[in-house]
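It should be emphasised that the depicted structure is a prediction, and the values quoted were computed from it without experimental measurement. Numbers restart at 1 for each chain; the letters A, B, ... are given by sequence-line order, proteins then strands.
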There are 2 protein chains.
Amino acid sequence: MTDDPNGPEALPAGGLLARGQGVALWRQIAQRLERDIASGVHAPGGRLPTEAELAGQYNVNRHTVRRAMEELEGRGLVRIEQGRGSFVAEDVVDYSLGPRTRFSEIIRRQNREPGGRILRVSEMAAETGLAEQLGIRRGRPVIVVERLSLADGRPLVLGTHHFPATRFGRLPDLLRADPSITAALTACGVPDYRRRVTRITARLPTPEEAELLQQSRNRPVLVTEAVNIDPAGEVVDVSTGRYAAGRAQLVVES
Amino acid sequence: MTDDPNGPEALPAGGLLARGQGVALWRQIAQRLERDIASGVHAPGGRLPTEAELAGQYNVNRHTVRRAMEELEGRGLVRIEQGRGSFVAEDVVDYSLGPRTRFSEIIRRQNREPGGRILRVSEMAAETGLAEQLGIRRGRPVIVVERLSLADGRPLVLGTHHFPATRFGRLPDLLRADPSITAALTACGVPDYRRRVTRITARLPTPEEAELLQQSRNRPVLVTEAVNIDPAGEVVDVSTGRYAAGRAQLVVES
DNA sequence: GTGCTCGATTTGTATAGACAACTAGTCATC
DNA sequence: GATGACTAGTTGTCTATACAAATCGAGCAC
């Protein structure tokens with residue numbers, strides 16, 4: 001760095017702030033953080049340095065950093081959570097629950113790229129409650145599909161689907177080729193289906209769920225139990241969904 | 001006030017805050033100020049108690065009050081001005097400058113009640129510059145109309161209009177009956193006119209202007225010089241407008 | 001009457017300390 | 001494996017002091 005204070009060199013992001021130059025320290029910090037966010041130094045959803053870290057980095061008081069963070073929060077650039085930290089804001093997906101709940105449609109409607117990963121396909125005998133919901137006899141085989149749904153590459157929903165095996169025996173093969181459940185059902189002779197009911201609760205995720213959804217084990221997931229039926233009214237799918245904390249909100253329009 | 005802390009009596013607005021009850025002091029202060037504004041204790045545009053006064057009133061630190069004020073400012077309820085004080089926010093009028101600039105239309109378009117007061121009507125000989133703009137000979141008489149325009153009863157613009165007396169000799173009588181210049185011009189055979197040009201500057205108001213506009217003498221007013229012409233292209237009015245500080249912003253759409 | 005200066009007033013910034021409230025991770029226990 | 005306790009880490013609130021920056025009004029000079 002030259003001795004010329006008006007030289008062309010740009011200070012690095014962590015460089016000293018300009019004191020007594022007419023721009024409040026907190027504004028300069030806010031500007032730098034905004035720039036770092038815009039340039040991708042901090043990714044959406046990513047955790048920012050702590051207030052103490054930033055205070056040390058910029059050699060200012062923690063309250064000065066807080067003032068800068070409040071500014072960014074007010075502008076929707078960051079999300080501050082007591083006890084957890086500060087995070088780059090990311091848009092929360094509005095997950096509409098209605099007669100035609102379709103993951104890919106919902107995601108595309110919000111200008112994001114839907115994705116899916118089939119985690120596991122297995123077969124098991126239906127226990128009483130599930131059999132009842134599916135309208136089959138207890139003990140009959142069901143295809144269980146565990147699928148992770150992503151938006152823009154980020155996990156959003158962890159779904160467990162149950163299909164009567166007698167009717168949807170081909171699902172495992174179909175899903176190997178294309179992870180779209182809607183497409184697979186079409187191939188099985190169900191060109192359309194609709195949501196009959198959705199029940200919503202919340203709970204803490206299991207360790208495995210937390211890992212798959214890329215979230216903390218201490219933050220609750222929204223849990224849905226849904227029943228989907230075909231045009232004839234037959235139940236085709238009983239599914240459980242677990243929605244990543246802070247990344248989706250369920251929307252029910254009356 | 002009864003000894004029962006759960007009694008039905010509501011604390012007066014200036015009553016003590018509830019400490020350690022799970023609601024931050026600054027939130028309680030913000031809520032009370034919001035309530036006072038909503039109930040009309042503080043009128044739009046009115047000055048709020050100073051930070052020091054509020055700190056004393058609520059028995060808190062000045063920074064706690066600042067936090068509350070920042071909250072209200074962020075929600076657009078108040079306007080804080082360094083060195084001047086804090087004021088209840090009032091909507092700033094968008095004063096559109098275009099071919100058909102009409103005060104009453106502009107005000108009504110923003111759901112306010114236009115009003116006007118003729119301050120003075122006089123006659124004088126046109127000096128060189130004015131004569132030139134009006135397209136008359138120097139020394140010819142012009143009718144000078146000083147009008148205060150109000151929105152919802154609050155002064156917004158102080159206008160000085162100059163009309164050629166030979167053509168608009170009836171203006172004084174007409175304006176006595178109805179303070180609408182547009183209506184008076186119609187009665188004088190000018191059913192329509194449009195804005196040819198507007199020049200904008202800013203300066204500090206004179207003491208009289210400040211008083212009429214109900215503002216500080218230290219705050220600049222926006223000043224416009226406008227030329228209005230009739231359908232035949234003849235200049236009908238050369239006017240000066242002085243817009244109250246903080247209450248109007250000129251809007252020019254390209 | 002006007003403009004300038006100065007003191008008082010008011011908000012804005014920065015630091016500092018202390019403690020509350022919340023969260024996450026670890027570890028022990030069942 | 002699940003649960004609860006505990007600890008460390010992180011943000012939130014409140015107070016306090018000091019000084020900067022902006023504004024206002026009074027007084028005075030011209």
Side-chain angles (χ1 to χ4, degrees), chain A residues 16-30 47-56 58-74 78-87 203-211 214-220 245-246, chain B residues 16-30 47-74 78-87 203-211 215-220 245-246:
Chain A
L16 296 177
L17 300 173
R19 285 175 184 264
Q21 298 304 313
V23 182
L25 295 179
W26 69 263
R27 282 189 192 279
Q28 296 182 52
I29 296 170
R47 195 157 155 305
L48 293 161
T50 68
E51 291 174 0
E53 285 167 346
L54 291 169
Y58 292 114
N59 197 29
V60 295
N61 191 267
R62 188 187 145 223
H63 294 281
T64 306
V65 170
R66 280 191 63 73
R67 186 67 187 85
M69 297 300 292
E70 277 167 6
E71 170 72 10
L72 297 176
E73 181 184 43
V78 308
R79 208 179 63 253
I80 308 174
E81 296 179 29
Q82 181 177 359
R84 292 190 70 232
S86 305
F87 305 85
R203 62 165 171 73
L204 292 178
T206 67
E208 188 192 12
E209 288 169 344
E211 189 180 349
Q214 282 173 24
Q215 67 161 75
S216 165
R217 281 185 55 187
N218 299 292
R219 303 190 69 190
Chain B
L16 295 176
L17 301 173
R19 285 175 182 263
Q21 298 305 311
V23 182
L25 296 179
W26 70 264
R27 282 189 192 281
Q28 295 180 52
I29 296 171
R47 195 156 154 306
L48 293 160
T50 67
E51 290 174 2
E53 286 167 347
L54 290 169
Q57 180 180 331
Y58 291 114
N59 199 26
V60 296
N61 191 266
R62 190 188 140 221
H63 292 283
T64 306
V65 170
R66 280 192 63 76
R67 186 67 186 85
M69 298 300 293
E70 277 168 6
E71 170 72 11
L72 296 176
E73 182 185 41
V78 307
R79 210 180 62 252
I80 307 174
E81 296 178 29
Q82 182 176 358
R84 289 191 70 231
S86 305
F87 305 85
R203 61 166 171 74
L204 291 177
T206 67
E208 188 192 15
E209 289 170 342
E211 188 180 348
Q215 69 161 74
S216 164
R217 282 184 56 186
N218 300 293
R219 303 190 69 193

Check every atom of [options] against the side chain of [X] and return the nucleotide holding the closest atom.
X      : options                : value
A:R47  : D:dT13, C:dT10, D:dT10 : D:dT10
A:L25  : C:dT11, C:dT15, D:dG12 : C:dT15
B:R62  : D:dA18, C:dT15, D:dT10 : D:dA18
A:Q82  : C:dA14, C:dG12, D:dT11 : D:dT11
A:W26  : D:dT11, C:dT11, C:dA14 : C:dA14
A:R84  : C:dT11, C:dA24, D:dT10 : C:dA24
B:R27  : D:dT13, D:dT23, C:dT13 : D:dT13
A:R66  : D:dT11, C:dT15, D:dT15 : D:dT11
B:R219 : D:dC24, D:dA21, C:dT13 : D:dC24

In this structure, how many angstroms lie between the [atom2] atom of [N] and the [atom1] atom of [X], rounded?
X      : N      : atom1 : atom2 : answer
A:E81  : D:dG9  : CD    : P     : 20 Å
A:E51  : C:dT23 : CD    : C1'   : 14 Å
A:E53  : D:dG9  : CD    : P     : 11 Å
B:E70  : D:dT13 : CD    : C1'   : 13 Å
B:E208 : C:dT2  : CD    : C1'   : 16 Å
B:E71  : D:dG12 : CD    : C1'   : 14 Å
B:E209 : C:dT2  : CD    : P     : 11 Å
A:Q215 : C:dT23 : CD    : P     : 14 Å

Taking only nitrogen or oxygen atoms into account, show me every contact under 3.5 Å that the protein makes with nucleotides 28-30 of chain D, one pair per line with its distance.
none

Side chain to side chain contact (heavy atoms under 4.5 Å, CB included) with B:V65: of B:L54, B:T50, B:L25, only one passes, and it is B:L54
| field | Stepwise side-chain contact (heavy atoms from CB on, under 4.5 Å) test for B:R19 and B:V60 | value | CA-CA 11 Å; B:R19 285 175 182 263; B:V60 296; 3.7 Å; yes
Side chain to side chain donor-acceptor pair (under 3.5 Å) filter on A:E71, not counting sequence neighbours, yields none
The side chain to side chain donor-acceptor pair (under 3.5 Å) partners of B:R67 (sequence neighbours excluded) come to none
Of A:V23 and B:G22, the one whose closest nucleotide on DNA chain C sits nearer the 5' end is A:V23
So, is B:N61 near the phosphate of D:dC14, with a side-chain N or O under 4.0 Å from OP1 or OP2?
no
**Asked** Taking only side-chain nitrogens and oxygens of B:S86, does any of them come within less than 4.0 Å of OP1 or OP2 of C:dT10?
**Response** no
So which atom in [X] and which in [Y] form the shortest heavy-atom distance, rounded to 0.1 Å?
X      : Y      : value
B:A245 : B:P220 : CB-O, 3.2 Å
A:Q215 : A:R219 : NE2-O, 3.0 Å
B:S86  : B:I80  : OG-CG2, 3.8 Å

So for B:H63 and C:dT15, does any side-chain atom that can act as donor or acceptor lie under 3.5 Å from a complementary atom in the base? no
Closest to the 5' end of DNA chain D, once B:T64 and A:E73 are matched to their nearest nucleotides, is A:E73
Q) With sugar-phosphate meaning primed atoms plus P, OP1 and OP2, does A:R79 contact a base, only sugar-phosphate, or nothing at under 4.0 Å between heavy atoms? A) nothing
Exercise for the section: Walk me through it: do A:M69 and A:E73 pass the test side-chain contact (heavy atoms from CB on, under 4.5 Å)? Expected result: CA-CA 6 Å; A:M69 297 300 292; A:E73 181 184 43; over 6 Å; no
